[in-house]
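All ligand and atom numbering here is 1-based and tracks the order in the structure. Side chains are part of it too, since the values below use all heavy atoms of this structure and drop only hydrogens, waters and symmetry mates.
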Amino acid sequence: MENLHDKRKVYERSQLIESEIKQNPIEQFRDWFLDASENPVISEANAMAVSTLEDDGCPRTRMVLLKAYTYEGFIFYTNYDSRKGKAIEKTHKACLHFFWPNLERQIIIKANLERIAENLSDGYFHSRPKGSQLGAVVSPQSCEIPDREFLEQKLKDLEEKYENTEVPRPENWGGYIAKPYEIEFWQGRPNRLHDRIIYKLENGIDWKISRLAP
Ligand SMILES: Cc1cc2nc3c(=O)[nH]c(=O)nc-3n(C[C@H](O)[C@H](O)[C@H](O)COP(=O)(O)O)c2cc1C
């Protein structure tokens, strides 16, 4: 067994104080997201963990790529019949999580989820490279499959089928928009006295801002 007791880092890069934050959390998100995406050390700033609640009461988390964000919410694409898709169709909720270690920052977002309009999913699907489009058609995401050959063979068949035609977007593949109702920004600080600022949506329109103990 390995003991990690002495593995610790001093957080001292930045601070998050009320006089400097944005009143709207999406604008605060944009500031931090731009810092992360412009940082040459961070390779996929838009990679986020998405947790959904499963029938056994245990949340399940996996990474997905954030593909857009607006004042309304955060958009990602997936298979609606996947394990996460099934959980979302049931609860219409998820928790999104970003961690950018080099910036000593994390963001935790609780949100209500909806499918985006089909024409928007079509638009994004067809903007992807053909290989990715075929990958989405080939993969019965989250289902058990016999072996890797199953995927390779299906891909080969579909490459021939759609050699000269557009790949139609599978009906069970598309985007979700996660409409936030709570967003917490965490900035690491010295002596474990980290900054935590939380925005909570009140009456469906106003964001109430408060500070949490670290
Ligand atoms: C960095 C990264 C980005 C990913 N992006 C996506 C994505 O945008 N959409 C997606 O469906 N799966 C994505 N995946 C795969 C998921 O983590 C996951 O394996 C898959 O969606 C099936 O999850 P589920 O069975 O829990 O539904 C990504 C994985 C990683 C590591």
Practice item. If you link ILVMFWY side chains whenever their heavy atoms are less than 4.5 Å apart, which other residues fall into the same cluster as I108? By chain and number, please. Key: none
Exercise for review: Hydrophobic side-chain clustering at under 4.5 Å (ILVMFWY, transitive links): who's grouped with M1? Put none if nobody.
Suggested key: none
**Study point:** F29 ring center within less than 6.0 Å of F185 ring center
**Key:** no
Check your understanding: Sequence neighbours excluded, which residues qualify as side chain to side chain contact (heavy atoms under 4.5 Å, CB included) partners of K7?
Key -> L4
Study note, to complete from the structure: Pocket residues around ligand 1 (non-hydrogen, under 4.0 Å) come out as E44, R60, R62, M63, V64, L65, Y77, T78, S82, R83, K84, Q141, S142
Review point. Is the closest basic N to carboxylate O distance between R115 and E89 below 4.0 Å?
Key: yes
Point to revise | Residue K200 excluded, over 12 heavy atoms near NZ under 6.0 Å | key: no
